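Accompanying notes for the structure given below.
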Amino acid sequence: MTSKGNPEVSVSELPQPPFEFTDDEGRSLEVRVVEEGDFDDLYEMYLEFDPRDRAQGVPPAREQQMKDWLETVLEGVNVAAWHHDDVAGHATLIHDSNVDAHELAIFVLQRYQGAGVGSRLIQAAFAEAHRRGVQRVWLTVERWNRPAIALYRKTGLKEVGGSGLEIEMAAELVE
Amino acid sequence: MKKLLGVGGSEDSFTALEHTARRVRETGDTLVVAVVDNPDSPRDVDEVEQRVEEVLDEIGLDVEVRVVEGHPGSKLIEIAETEEFDEIVLGGGERSTMDKIRVGEIAEFVLLNSRVSVKLVR
């Protein structure tokens, strides 16, 4: 994979966290960069996470594995959306040396899905990642997962490859 | 039970080899290890074959290791079906840093085309 010809996402128009927004259901949410003390809030969200929304084995279903996984991803770039004291969704970017890019993943609790939370989270993650020097973002998504693919397209990612089962998408973050 | 294990040289294929060899040592099942040419693998067929022999030696299992040329997925299926194997065993896919599973191309082909049961080792 070369970086040439990758779609570009301009971060200058994107909202820099922290910011508040009203979702499509009229709920007021705050998006901010995840800090160390936020682990428990995110952990609570993942305890509630619907197994149907798991993607390619993440988040792990077993509690201890899920904790370990969460600790690993929190080493990357992380933003989350809070509704009052509860985390509604989480976007994470973690460096993958195999593809020389940051792998993006996003998880939104079922009751907050379809309300514009996911796209705000991805935008915030891109803005924060670019601020920290991340250039290339990348992900794989199961081919049947149309809502997720639509969300990634909407936020500027484009298909760059894949197999029979999954699609590979990527973007370059630019000013 | 007669098992055909495909090893193409990716890390998950060696995990499948170790797992299966240990099981076979306990159960006494028949195992044939087919070394296939996985274009996505960083190792060539000779290196893969050598490492397969080393792993089997370590575990203490003496089974047939066969180098199979040609399209890996369809060759594995052909061997499994014509030689009446009960199961094809393959690596369960690589994992990204995020820990997402990516099923390999050989496994994908075999899953969709084999009439013999397929086991992916995780």
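Keep in mind the model is a prediction, meaning the values are calculated, not measured. Just so we're on the same page: letters track the sequence lines, and every chain starts at 1.
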Part of A:E103 within contact of chain B (heavy atom distance under 4.5 Å) | both
Between A:V73, A:D96, A:L139, which shows the greatest number of heavy-atom pairs under 4.5 Å with chain B?
-> A:D96
Going hydrophobic residue to hydrophobic residue with side-chain gaps under 4.5 angstrom, can you get from B:F85 over to B:V121?
-> no
In short, B:E108 meets A:G164 closest at the heavy-atom pair OE2-N, 2.7 Å
Worked verdict on A:T92 versus B:M98 for side chain to side chain contact (heavy atoms under 4.5 Å, CB included) = CA-CA 9 Å; A:T92 180; B:M98 183 73 68; 3.8 Å; yes
State plainly whether one hydrophobic cluster holds both A:F107 and B:I101, where clusters connect Ile, Leu, Val, Met, Phe, Trp and Tyr through side-chain heavy atoms under 4.5 angstrom apart.
-> no
Heavy atoms from other residues, nucleotides or ligands near NZ of B:K2 exceed 12 (cutoff 6.0 Å) = yes
Hydrophobic cluster membership, A:L47 vs A:I106, 4.5 Å side-chain cutoff | yes
Looking only at non-hydrogen atoms, find the nearest pair between A:V58 and B:K100 and report the distance.
-> CG2-CG, 3.6 Å
So does B:R122 have more than 12 non-hydrogen atoms from other groups sitting under 6.0 Å from CZ?
-> yes
